[in-house]
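Proteins come first, then strands; the chains are lettered A, B, ... in the order of their sequence lines, and each starts at number 1.
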Amino acid sequence: MPELPEVEVTRLSFADRIAGAVVQSVRLGKPLRWPLQCRPESLVHRRVTGVRRRGKYLLVDLCEGMLLIHLGMSGSVIFDRQLAPAGTHDHFDLVTDLGILRLHDPRRFGAVVYAAAEADIVARRLLGHLGAEPLGEGFDPLWFFASLKQRKAAIKQVLLAGDLVVGVGNIYASEALFLAGIRPTTRACTLSKPRVIALHAAIRSVLSRALEQGGSTLRDFTNARGESGYFQLEAMVYGRAGQPCRVCTQAIRSIRQGQRSTFFCPICQKR
DNA sequence: AAAAGCCCCTGGATGC
DNA sequence: TGCATCCAGGGGCTTT
């Protein structure tokens with residue numbers, strides 16, 4: 001699913017178009033990961049004032065309150081003046097005078113949650129523990145080094161946990177570690193300062209490049225205009241088990257870490 | 001506080 | 001063709 005670049009590409013593809021829209025009705029499909037936390041009718045007549053992103057959450061600001069949208073593993077958002085009748089996997093429609101915002105999510109790990117404010121108990125539960133935005137000012141290399149010093153877990157797992165840095169999902173974690181030449185199983189606290197600085201740069205580089213490419217890593221990704229990911233950003237290691245490393249031709253290896261697959265090159269990522 | 005497992009759910013690919 | 005198994009981009013919650 002969607003990692004930070006895909007979520008940001010989604011945001012950019014509809015934020016301007018939905019700004020100023022007034023909610024006319026709400027349609028709910030099957031239950032998502034969490035309940036909406038408000039009566040759907042209570043959203044009617046509210047105006048959308050903007051769309052922000054925090055980690056992998058989209059924050060749809062209303063003149064009063066906000067909707068937190070998460071795409072989970074299989075979610076996508078589309079916004080258009082007119083949409084086809086809702087299908088079996090369309091579980092949330094926000095109908096406005098400017099168009100319909102729809103969450104399509106076959107696996108339903110995604111969610112749409114209403115929060116009165118960011119200080120709201122619901123918003124704090126979902127957003128409160130999130131780490132630094134990797135493409136923002138708060139993601140400082142020396143701070144990153146100091147933070148990783150406190151963590152004994154494997155670096156890949158620390159990246160995925162999202163409490164130090166957000167938005168790095170299963171694909172980009174493997175890709176960034178390859179770029180930095182770090183073995184995914186290495187304990188975070190054992191990484192030297194130069195290696196952490198390299199990882200910091202690799203995370204930024206991988207994410208910003210994917211963002212420029214329009215979130216192209218996911219084969220079935222579409223932005224809110226319904227435009228598909230171009231899948232033009234070639235993965236160095238992700239999904240390439242047994243295939244030759246693009247740098248040294250050694251066979252890429254695949255392991256399991258915390259019930260997720262990890263890919264790395266045993267030569268380029270020695271430790 | 002941090003780490004490790006457990007789930008939630010559907011569909012596509014693979015193998016017999 | 002039919003059926004079983006495995007795997008998938010996440011992450012909050014519970015237990016150690």
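- Residue His89(A) has its side chain nearest to dT10(B) when only dC13(C), dT10(B), dA4(B) are considered.
- Nearest nucleotide to the Lys30(A) side chain, out of dT10(B), dG10(C), dA8(C): dT10(B).
- Using a 4.0 Å cut-off, no side-chain N or O of Tyr238(A) falls inside it from OP1 or OP2 of dA8(C).
- Residue Gln259(A) places its side chain closer to dC7(B) than to any other of dA8(C), dG12(C), dC7(B).
- A 6.0 Å sphere centred on CZ of Arg27(A) holds more than 12 heavy atoms belonging to other residues, nucleotides or ligands.
- Comparing dG12(C), dG10(C), dA3(B) by their closest approach to the side chain of Ala153(A) singles out dA3(B).
- Aromatic rings of Phe264(A) and Phe178(A) (six-membered ring for Trp) have centroids beyond the 6.0 Å cut-off, not under it.
- When the side-chain nitrogen and oxygen atoms of Arg260(A) are compared with OP1 and OP2 of dG11(C), none of them lie within a distance under 4.0 Å.
- When the nucleotides dA3(B), dC7(C), dG10(C) are ranked by their closest atom to the side chain of Arg256(A), dC7(C) comes out on top.
- In summary, the side chains of Asp90(A) and His104(A) do present a donor paired with an acceptor at a separation below 3.5 Å, with no hydrogens or angles considered.
- What separates CD1 of Ile69(A) from P of dG10(C) is a distance of 18 Å, to the nearest Å.
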Report summary line: For DNA chain C, the expected dot-bracket line (Watson-Crick or G-U under 3.5 Å, [ ] crossing, | inter-strand) is .|||||||.|||||||
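- The side chain of Arg108(A) has dC9(B) as its nearest neighbour among dC9(B), dC7(B), dG10(C).
- Within 6.0 Å of CD on Glu137(A) lie no more than 12 heavy atoms contributed by other residues, nucleotides or ligands.
- With sequence neighbours excluded, no residue forms a salt bridge (charged side-chain N to carboxylate O under 4.0 Å, His left out) with Arg46(A).
- In this structure, Gln257(A) atom CD and dA3(B) atom C1' are separated by 13 Å, rounded to whole Å.
- If you check dA3(B), dG10(C), dA8(C) against the side chain of Arg107(A), the one that comes closest is dA8(C).
- Between Asp163(A) and Gly258(A), it is Asp163(A) whose nearest contact on DNA chain B lies nearer the 5' terminus.
- Considering only side-chain N and O atoms, Lys152(A) lies nowhere under 4.0 angstrom from the phosphate OP1 or OP2 of dA3(B).
- Where Leu126(A) and Ser261(A) each meet DNA chain C at their nearest nucleotide, the meeting point lying more 5' is that of Ser261(A).
- Residue ring and base: Phe109(A) does not count as stacked with dG11(C) (centre distance below 5.5 Å and interplanar angle below 30° not both satisfied).
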